[in-house]
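Take a look at the structure below.
All heavy atoms count here, side chains included; hydrogens, waters and symmetry mates do not. As the structure is a computational prediction, the values presented were derived from the model and not from experiment.
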Amino acid sequence: MKNTKINNIRNIGIIAHIDAGKTTVTERILYYTGRSYKIGEVHDGEAVMDWMPDEQERGITITSAVTTCQWNGRDIQIIDTPGHVDFTIEVERSLRVLDGAVGVFCAVGGVEPQSETVWRQADKYKVPKIAFINKLDRIGADFFGTVAMIKDRLHAEPLILQLPVGQEDTFSGVIDLIRMKKIAWDDETLGANYQTEEIPEDLQEEAKKYRDKLIEALSDHDDAILEAFFSGADIREETLVQGVRNATIGLKLVPIFCGSALKNKGIQPLLDGIVDYLPSPVDIPPIKGIIPGTDETVECAAKDKGPLAALIFKVSMIEGRKLSYVRIYSGTLKAGAEVFNPARNQKEKLSRILLMHANKRERIDEVGAGSIVGVIGLKDSSTGETLCNPNFPILLEKMDFYEPVISIAVEPKTHSDQEKLDQVLEKYMAEDPTLRVKQDEDTGQTILSGMGELHLEIIVSRMKREFNTSVNVGKPQVVYRETIRKQAEATVVFDREVAGQRHFGEVKIHLLPLGRGSGNSFQSKISGDIIPDSFIPAIEKGVTESFESGFLMGYPVVDVKAVLTGGSFKESLGTELAYKVSTSMACKEALSKAEPFLLEPIMSVEIFVPDSFMGDVIGDLSSRGGKIESINPKINIQAIKAIVPLSSMFGYSTNLRSSTQGRGTFTMQFSHFDQRG
């Protein structure tokens with residue numbers, strides 16, 4: 001890695017809905033690039049990238065795994081991300097540090113809800129993407145239907161580069177529209193060998209039609225191709241490849257590849273597409289950050305000899321040691337070197353740098369810009385924080401994390417478990433920013449909050465498996481929010497002696513309800529004559545802290561604006577403590593007057609059921625307080641979209657299986673907070 005030219009690096013993520021075949025695609029990539037000596041199957045629990053015992057048992061990806069392989073002289077660094085909505089944070093932090101992504105779509109299911117979520121996450125970070133339509137050998141596979149869904153649901157501009165030869169049980173290969181050749185794979189060599197042939201006569205007309213469409217789409221973004229298109233001249237293969245690359249990196253088009261990863265068809269051209277069309281670190285805009293303590297923005301170009309700018313995007317506890325995953329945007333990391341964390345204003349020392357291959361590691365002494373590596377030795381630095389040179393401090397933009405929507409109570413089974421529980425949970429919180437732990441003051445229980453039932457189930461399983469810590473688990477509880485129905489205000493004076501010093505602060509706080517999803521805000525409407533400006537930050541902090549625990553049941557307060565409308569100040573007695581406490585008390589009093597009420601998490605649910613069971617499923621959803629948004633017929637099944645309160649969805653999977661003879665499936669993800677209708 002150290003000597004790899006930066007423009008030969010491809011940092012990519014494999015993203016998709018659960019069961020679209022992401023991990024199977026990754027396993028084939030590792031096999032055909034020579035990284036693995038055999039193909040590991042997800043259904044056998046042998047996938048290289050699903051190395052955690054919980055992943056192997058359940059056949060799903062839980063944590064994003066990093067690996068490196070080589071293809072056509074390029075180093076491809078791959079992150080295989082989870083598809084389950086409970087582990088969305090793994091996708092979010094992976095996309096934050098990747099340069100390109102491969103979206104995998106099931107040719108039968110098409111664009112499913114979690115596909116939309118991860119695609120939006122990639123759009124948020126402006127990540128160029130290519131798409132691989134998988135499972136074309138399956139009954140009900142629909143290549144063009146999936147392409148249409150990519151356009152309609154993801155608002156992307158698909159660019160078909162390949163056509164399938166046959167579908168379902170007749171799927172035998174693909175037609176390459178750039179080179180106008182048919183590619184067929186050899187089953188005896190597990191797809192390692194493939195032949196390039198002339199396009200069969202009965203497919204030539206369709207191939208020419210879609211090649212013309214390809215050139216027409218590219219001509220909108222490339223003047224050279226536009227000129228050749230209108231003049232009727234032949235367009236060289238290199239010109240087309242460059243045109244596709246420019247349009248992909250420019251986020252204009254999404255190249256479409258196809259195949260069947262499980263049947264070992266379509267992976268080598270996909271690898272060519274990753275190399276040809278996805279960007280290297282030098283093809284994307286330089287990373288931006290600010291100089292700590294200022295608002296001055298600086299850019300760090302992807303150069304080994306530039307100032308160090310690296311982001312910790314993930315922390316794992318492996319065998320009791322802290323392993324930090326780091327993306328280096330600029331500069332060089334050296335083992336044993338000292339680095340600076342501007343977020344904590346402290347220096348850290350790197351003891352080891354590791355090239356990652358899932359859970360296997362290779363020690364290296366030095367690594368340059370564009371690389372993704374594991375680092376051991378960082379004691380305090382955490383997810384989303386920057387590492388830089390002490391002499392050239394830079395602070396990269398922090399990562400956004402999701403708020404948990406579900407909680408369980410956990411109690412240690414034995415006295416020895418009690419001693420370990422706090423330490424174990426602290427380690428998991430360092431790994432996972434979406435996990436929260438707090439003590440219930442009334443019951444003394446430890447409350448664990450996360451993104452879903454599966455998320456918390458996995459944490460409890462890992463506690464037992466990795467740290468031999470057993471707990472009793474309480475029934476899942478919804479994490480509500482509180483807000484207000486009307487305006488209210490309160491005035492509070494804090495005038496007390498604390499530790500031998502008198503503290504005085506008086507504030508008048510006015511609360512106003514805001515629209516759903518607006519968040520909280522604070523505004524001061526007083527002059528410095530009433531309360532000096534130096535105390536305003538303390539007052540704002542008092543507001544923020546008071547909103548962490550609401551009046552009704554202690555849930556966080558949302559969608560409320562707090563306005564400082566009055567107060568008073570006494571020379572030499574006014575302190576930050578007094579103003580913070582008086583503000584917090586005023587907010588609590590105003591909240592109690594403002595008709596507070598609960599908001600609950602509303603989930604977006606998509607259910608796939610055979611036609612004959614649709615009536616029962618819709619009736620059941622209505623009884624749970626759900627609202628049907630749409631019903632879309634697919635081949636032999638109906639796709640029902642609805643929004644349903646989370647509190648009604650506990651145990652739904654068992655209920656759905658029993659009411660549809662095991663044939664119904666569903667996906668669920670958080671939509672918004674709202675009052676139950």
Could you pull out all donor-acceptor pairs under 3.5 Å where a side-chain atom in residues 97-105 meets a protein atom, sequence neighbours excluded?
from: Asp99; atom 1: OD1; to: Arg327; atom 2: NH1; distance (Å): 3.0
from: Asp99; atom 1: OD1; to: Arg327; atom 2: NH2; distance (Å): 3.4
from: Asp99; atom 1: OD2; to: Asn11; atom 2: ND2; distance (Å): 3.2

Report yes if the side chains of Asp380 and Gln346 come closer than 4.5 Å at any heavy-atom pair, otherwise no. yes
Is the closest side-chain heavy-atom distance between Lys135 and Ser260 below 4.5 Å? no
pair Val326-Leu311: side-chain heavy atoms closer than 4.5 Å: no
Exercise: identify the closest heavy-atom pair between Leu136 and Ala107: CD2-CB, 3.7 Å
Any salt bridge linking Glu348 with Lys379? Criterion: basic side-chain nitrogen under 4.0 Å from a carboxylate oxygen. no
Kindly write out the residues that satisfy side-chain contact (heavy atoms from CB on, under 4.5 Å) with Ser382, not counting sequence neighbours, or none if the list is empty. Arg344, Glu385
Whether Gln77 side chain and Ile372 backbone form a donor-acceptor pair below 3.5 Å: yes
Distance-minimising heavy-atom pair for Ser604 and Ser671: N-CB, 3.9 Å
If we only count heavy atoms from C-beta on, is the Ile256 to Ile133 side-chain gap below 4.5 Å? yes
So, does Thr24 use its side chain to make a donor-acceptor pair with the main chain of Ala261 at under 3.5 Å? no
Val375 versus Arg352: any side-chain heavy-atom pair under 4.5 Å? no
Could you tell me whether Lys265 and Asp137 make a salt bridge, using a distance below 4.0 angstrom between a side-chain N and a carboxylate O? no
Would a 4.5 Å heavy-atom cut-off, applied to side chains only, mark Ile274 and Phe257 as touching? no
Backbone of Leu355 reached by a side-chain donor or acceptor of Glu362 within 3.5 Å: no
Which pair of non-hydrogen atoms, one from Tyr277 and one from Arg245, has the smallest distance, and what is that distance? CD2-N, 3.7 Å
Locate the shortest heavy-atom distance separating Ala309 from Ile394; write the atom from each residue and the value. CB-CG2, 4.1 Å
For a quick test of reading the model, state the closest non-hydrogen atom pair linking Ile76 to Trp71 and the distance between them. CD1-CB, 3.9 Å
So, does Asn389 use its side chain to make a donor-acceptor pair with the main chain of Pro307 at under 3.5 Å? no
Heavy atoms, side chains only, cut-off 4.5 Å: are Leu270 and Asp272 in contact? no
Can a donor-acceptor pair be found, under 3.5 Å and without considering hydrogens, that links the side chain of Arg363 to the backbone of Leu354? no
Can you sort out the partners of Ala192 under side-chain contact (heavy atoms from CB on, under 4.5 Å), two or more places apart, ordered by chain and number? Tyr32, Thr189
Taking all non-hydrogen atoms of both residues, which atom of Ser371 and which atom of Ile9 are closest, and how far apart? OG-CD1, 4.4 Å
Quick check against the 3.5 Å criterion: does Arg74 have a side-chain atom that pairs as donor or acceptor with the backbone of Asn72? yes
Could you go through the side-chain contact (heavy atoms from CB on, under 4.5 Å) check for Asn8 and Ile6 one step at a time? CA-CA 5 Å; Asn8 285 339; Ile6 299 175; over 6 Å; no
Phe340 and Cys388: side-chain contact (heavy atoms from CB on, under 4.5 Å), yes or no, with the steps? CA-CA 5 Å; Phe340 180 62; Cys388 59; 3.8 Å; yes
Any ion pair linking Arg179 and Glu237 (charged N to carboxylate O, less than 4.0 Å)? yes
Taking Thr332 for the side chain and Gly368 for the main chain, is one N or O donor matched with an acceptor at less than 3.5 Å? no
Just do the side-chain contact (heavy atoms from CB on, under 4.5 Å) check on Ile14 and Phe132 with the steps written out, would you? CA-CA 10 Å; Ile14 311 287; Phe132 181 72; over 6 Å; no
